[in-house]
Each structure stands twice: as C-alpha cells, then as structure tokens.
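As the structure is a prediction and not an experimental result, all values here were calculated from the model. Protein chains get the first letters and strands the later ones, always in sequence-line order, with residue 1 at the start of each. As a basis for the values below, the full set of heavy atoms in this structure was taken, side chains included, without hydrogen atoms, waters or symmetry mates.
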Amino acid sequence: MNAKASQLHVLTAIVTTLTLLTASGCHTQGSRPANFGGSAGNEGGTTLEQNGLDHDDDGSIPAPGPGIQVIYFDYDSAVLRADARESLKANAERFRRMPKVTVQIAGHCDERGTQQYNLALGEHRAIAAREYLVQLGIPAERLITISYGSEQPADPGKDEAAWAKNRRCEFNRAM
Amino acid sequence: MNVSYFGWIVSAFCILNTAAYAAGPVVFDVSGQGKDHRTPVAVPAFAAVAGQESVAKMMSDVIAYDLDFSGECKILDKEGYPPSFKGYTPDATQVDCAPWKAIGVEHLVYAYITQEGSNIVAECRLFDVHTGQQVVGKKLQAGTEWARLVAHQFSDIIIERLTGTPGIATSRICFTNGVTGKKEICIADYDGANMKQLTQHNSISILPKFSRDGSRLAYVSYKDHFPYLYVLEITSGKSAVVSKKSGLNVSPSWAPDGKSLAMVLSKDTNNEIYVRSLVGDEYTRLTNSKGTDTSPSFSPDGSQMAFVTDREGSEQIFVMNRDGSNQHRISFQGGRSYDPAWSPDGKHIAYVVDKGGQQIYVSTVDGNDYQQVTRAAGNAEGPSWSPDSRHIIYANSSSLQLWTVTLSTGAEQKIPNIAVACQGPDWARRPAQ
C-alpha cells in the first residue's frame with residue numbers, strides 16, 4: 001500500500017532502538033511521546049518500520065541501540081501471552097538501565113470490533129503491560145499509557161497476518 | 001456562506017383543511033414481508049419564474065428524496081404521471097387532482113419558485129388528492145444558497161402533516177472524515193450535502209457527538225498528543241478541552257441537559273465510566289469492574305445509561321442508573337456486542353452484534369425483544385438514531401461509508417453526496433434559533 005507497508009515485510013522482527021533525541025527536538029510539553037521505536041503515526045521522531053534505525057530530529061542517524069521489543073496479543077484480548085512476558089522482561093532490563101527515562105506504552109488493536117471499543121481495548125493492553133513491568137520492578141511513575149485503538153495499524157492488510165501485527169503494544173520514550 | 005438561514009420567513013397561508021391525520025407509530029417491519037404502509041405521493045418538477053427552473057427542479061428532487069427516505073411515502077415515478085399532466089404552472093388554482101386520484105396518488109406536492117432580491121421564495125402547497133383540497137400552504141424564503149434547506153423544510157412540514165411528527169430532512173449529521181493518522185470532524189446535511197470540515201487539527205479526531213440541541217460537538221482528539229475530550233461550538237468553530245486526565249478520555253455521551261458528559265477514563269485503575277460536569281471540575285465514577293467498561297449512551301430523560309462491559313467475559317450491553325446503581329445486562333444475542341445508542345424516543349437501544357460479522361440490532365430497553373435491522377455486506381459499527389427515532393445511521397467499517405436503515409421499511413442505503421472515507425457518525429436536529 002505504501003513504502004512503510006512494503007518495508008514491513010522486509011523486517012524480520014520489530015526490534016526498536018532507544019536513543020536520546022537532540023535537545024533541539026525536546027519541546028517539553030506535558031508528556032509528549034518521542035518515538036524511540038514503534039510504528040508510524042506517533043508525533044515526532046521516525047520509526048523502525050521506516051528504516052530500522054532511529055533518526056534524531058535533525059535527520060542524522062545515530063548508531064542502533066539495544067532493542068526494545070513490541071509485544072503482541074490474541075484477538076480481543078489484553079492478556080499477556082508467554083512471548084509477550086518474555087519480551088517485557090527483556091524490555092524491563094533495558095528500562096532499568098535508563099532510570100531517568102519515562103516510557104510511554106502505546107496500545108493498539110486490529111480493525112475488528114468497533115472504533116470506539118478498540119480505544120478501550122488498546123488502553124487495556126497498555127495497562128496490562130504496565131502492570132507487568134511494575135511487577136518486574138519498573139517504578140509505576142515511569143510508565144504512562146496511551147491507546148491508539150485501531151487508528152494506527154502497523155500493517156494495513158485485511159487478513160489475520162496483518163491483524164496479528166496490529167494487536168500490539170509499543171514502547172516510546174515520553175518527554 | 002455564513003449567512004444564517006434562520007433569517008428566512010415562514011408564513012402559512014390558506015390552510016383549507018385542518019383535520020388532523022393520525023400519527024402513525026414507528027412500525028418495526030424490517031423483514032420485508034409486511035404490507036407496504038407508505039403513502040403514494042407525487043412530486044412533479046416545480047413551477048418557476050424564468051431563470052429559476054433549475055433551482056425548482058433541484059428542490060423537487062430534494063423533496064422527492066426526503067419523502068422517499070422517510071419511509072412514509074412512496075414516490076411516483078415520472079413515467080407513471082397521468083398523460084393529461086403537462087407540468088405545473090405558477091397558478092396553483094390550475095392544479096387538478098382528479099387524474100392523480102385516478103392512478104392512486106394520495107398526496108400531490110406543489111411549489112412555485114420565484115426570486116426576490118437575493119432570496120429564493122417558495123410558495124409550497126400539499127394537496128390531498130382524495131378530497132382535492134390543499135392541506136398545507138407555506139411561503140418559505142431564504143438566501144439563494146439555502147434553496148436545498150428550504151426544500152428540506154417543506155419536506156419536514158409534509159411529513160408532520162402525514163404522520164403527526166416533524167420529519168428529519170433539515171437535520172444534520174457529523175462524522176469523522178479521513179485516512180489513517182489524519183482524521184478530522186465534519187458536519188453535513190442528513191443527505192450528505194453541504195459537507196463542511198469543522199476541525200483542522202491535523203491529527204486523529206474522532207467520535208463526534210452532538211449535544212441534544214445540535215449546537216455543540218463533543219469529540220476525541222489526539223491533537224495535544226493524548227486522547228483528550230473536546231467540545232466544539234459548531235457556529236463559531238471554537239473548541240476547548242473538557243477532559244485531559246492521564247490515560248484515556250474517550251467515548252463522550254451528552255447528558256440531555258447539555259451540562260455534563262459521560263465519558264470513559266482510565267486515570268484510576270482501568271477503563272471506567274464517569275460523568276463529568278461541564279460547570280466546575282466534578283467527576284463522578286459510575287463503574288468499577290476488573291475488565292473494560294466503555295461506550296456510555298444516556299437515555300433521553302437522563303436517568304439511565306447503556307454501556308459496554310466485558311465483566312462477564314465477552315463484550316455485552318448493560319444498562320445502569322445515572323448514579324451507577326442497578327447495572328444489568330440487556331444483550332443476549334451471543335457473540336460480542338458494542339456501541340449502544342439509546343433512541344431519542346426512549347423506547348429502544350441500538351447496538352452492534354458481532355457474530356462473525358458485525359450488524360446492527362435494535363432491542364427494547366429491557367432486552368426482552370430485539371431484532372437485527374441491518375444486513376448489508378461489510379461490518380457495521382457506530383449506530384446513531386435519527387432525531388425522530390425512525391432511522392439509524394451507521395458506519396460500514398469495511399467500506400468506510402455512512403449508511404442508514406429505515407426501521408419501518410428495512411431499507412438500507414448509503415448516504416449520497418459524500419465521497420470521502422467516513423467513520424463514527426452522529427445525528428441531530430438543526431438547532432432552532
């Protein structure tokens with residue numbers, strides 16, 4: 001459908017990188033998310049799906065950092081699967097090494113169900129991820145949630161393969 | 001273009017027959033098996049002064065669409081007109097009902113269109129063909145850019161005459177228009193004409209809901225980077241944030257008095273339903289379940305609300321009192337249920353049932369009786385009622401089109417005149433002024 005979509009198929013895994021944005025990009029306004037990974041649509045930075053690397057706001061490409069993993073869910077479920085728990089354990093390890101960073105957990109849904117319901121389901125997924133990260137020792141005040149419902153599919157396809165990629169939580173750096 | 005149409009003059013003249021027609025109940029016959037209850041009506045091209053012929057033709061076409069859409073009228077095809085009919089003239093006394101009566105037409109819609117200065121003037125009459133008498137006579141006028149609205153106004157008057165309840169042809173719809181990541185709030189006439197984009201947030205702005213009086217919209221936008229709730233005044237276009245708690249601020253539903261909003265917040269534990277007063281800063285929490293509670297919809301008297309919860313497993317429709325008491329399930333179709341909408345007459349709740357495909361059902365408030373009302377291909381979502389409770393608008397989320405279903409006939413049709421991707425419709429009367 002577009003460049004982003006085609007590149008999705010090339011990516012072997014959605015593994016994102018954490019980098020700090022340059023000061024010029026840091027307009028501290030509430031807790032605006034600055035992407036350090038994740039899919040399109042969030043304000044600001046660029047995404048892994050676009051190039052596999054993070055850009056700084058000025059367009060320069062920093063060296064890839066250690067990976068933060070996207071987690072995936074079953075249809076109409078906010079229950080953390082075993083693979084999601086493993087990914088969250090790895091992510092928690094990363095988050096522990098950057099104690100000053102506040103993480104925004106963005107919950108997403110596939111297009112089934114309704115636009116309105118999916119806003120709630122996406123939030124439920126983000127809350128489930130947050131609760132598990134807190135269990136793993138990440139302070140709750142460093143974790144904020146946002147739901148995009150079905151507004152920001154990672155894959156615009158209309159089949160289960162696409163939907164499976166869209167039922168997810170991404171982890172962005174809040175600023 | 002911002003000239004108010006409310007400056008137009010409505011004057012009644014020579015109402016010869018004031019006998020009241022029986023107000024027909026909304027007949028729930030969506031099976032297509034029942035008797036055709038519609039009144040046969042003819043709407044020939046209106047008479048016009050020189051230069052206004054195309055406006056007159058447009059207005060008669062609009063009225064024919066409105067009356068057909070209502071589900072109360074069956075519009076006679078032009079091919080079926082009596083051979084003796086040679087078209088309307090400016091002289092209404094020349095209207096001859098006899099040949100129309102002979103072919104079974106019950107009402108004849110007449111208008112004569114002229115222009116006075118920058119105003120269009122419509123001399124509108126409705127004839128009862130059986131008695132041969134005029135039963136409605138109105139002189140309507142407005143700026144020429146409001147000619148469609150003048151036609152809609154006459155349609156509403158005709159429907160009120162035929163059913164006892166004003167029509168909805170002057171009503172408006174709002175919806176989200178856009179593509180992934182760029183969705184704006186729009187408003188249009190109920191037939192999709194005169195679409196106007198109300199927001200320029202360049203973000204994701206969704207789920208607009210009219211206040212009862214049709215003057216304001218509550219909606220969700222990510223324009224300030226989080227899903228916050230805003231209220232927009234339609235006339236001025238000004239919008240202001242009304243809820244920006246951490247987490248979700250979504251699914252607005254207006255209290256009937258317009259002084260508070262039900263909404264879904266996740267600020268405390270998970271997704272719960274709150275009522276937020278728009279005067280002061282008071283939030284009242286109504287639900288407290290482990291799962292998701294969302295999609296509140298006020299009853300028209302404000303005493304209750306329908307909502308969605310997954311507290312028993314799959315998503316189902318529940319009803320509770322305004323204070324959160326007496327929460328009980330009303331959907332029992334199997335599968336999942338979403339997006340409840342309480343009818344303006346208070347009698348029914350429409351919602352989405354997903355049993356492998358999503359369709360709209362209408363249920364009594366107690367849930368004991370229900371009926372599937374849509375069958376069109378694709379997934380239906382976001383039902384909202386017409387102000388007269390006779391129709392439901394919904395989004396086909398597969399095609400991103402807006403559709404309506406007329407409950408008395410079961411007729412499903414795409415809203416014309418809109419050529420953009422749409423979601424999340426709502427429907428309200430045009431504010432009186």
A:Tyr117 versus B:Glu315, side-chain donor and acceptor atoms under 3.5 Å: yes

Do the side chain of B:Glu381 and the main chain of A:Gln115 share a donor and acceptor less than 3.5 angstrom apart? yes

The interface call for B:Lys183 against chain A, heavy-atom contacts under 4.5 Å, is side chain

Is A:Ile127 in contact with chain B via its backbone, its side chain, both, or neither, using a 4.5 Å heavy-atom distance? side chain

Side chain, backbone, both or neither: which part of B:Thr269 has a heavy atom under 4.5 Å from chain A? backbone

Heavy-atom nearest pair, A:Ala120 first then B:Asn271, reads O-ND2, 2.9 Å

Interface check, chain B: of A:Glu131, A:His124, A:Glu111, most non-hydrogen pairs under 4.5 Å belong to A:His124

Might you confirm whether atom NZ of B:Lys414 has over 12 heavy atoms from other residues, nucleotides or ligands at distances under 6.0 Å? yes

Answer with side chain, backbone, both or neither: which region of B:Val264 has an atom nearer than 4.5 Å to a non-hydrogen atom of chain A? neither

With side chain to side chain contact (heavy atoms under 4.5 Å, CB included) as the criterion, how do A:Gln152 and B:Ile204 come out once you've worked through the C-alpha distance, each side chain's angles and the decisive distance to 0.1 Å? CA-CA 10 Å; A:Gln152 301 283 9; B:Ile204 304 167; 3.1 Å; yes

Side chain / backbone / both / neither for B:Ser295 at chain A, heavy atoms under 4.5 Å: both

Does any part of the side chain of B:Ile206, heavy atoms only, come nearer than 4.5 Å to the side chain of A:Leu119, both counted from C-beta? yes

Shortest non-hydrogen contact from A:Ser147 to B:Pro227? O-CG, 4.2 Å

Under a 4.5 Å heavy-atom cutoff, which of B:Gln358, B:Gln423, B:Arg336 has the most pairs with chain A? B:Arg336

B:Asn270 versus chain A, heavy atoms under 4.5 Å apart: side chain, backbone, both or neither? both

Roughly how far apart are A:Gln104 CD and B:His225 NE2, rounded to 0.5 Å? 10.5 Å

Could you state the interatomic distance from CD1 (A:Ile144) to CZ (B:Phe226), rounded to the nearest 0.5 Å? 4.0 Å

Side chain / backbone / both / neither for B:Asp310 at chain A, heavy atoms under 4.5 Å: side chain

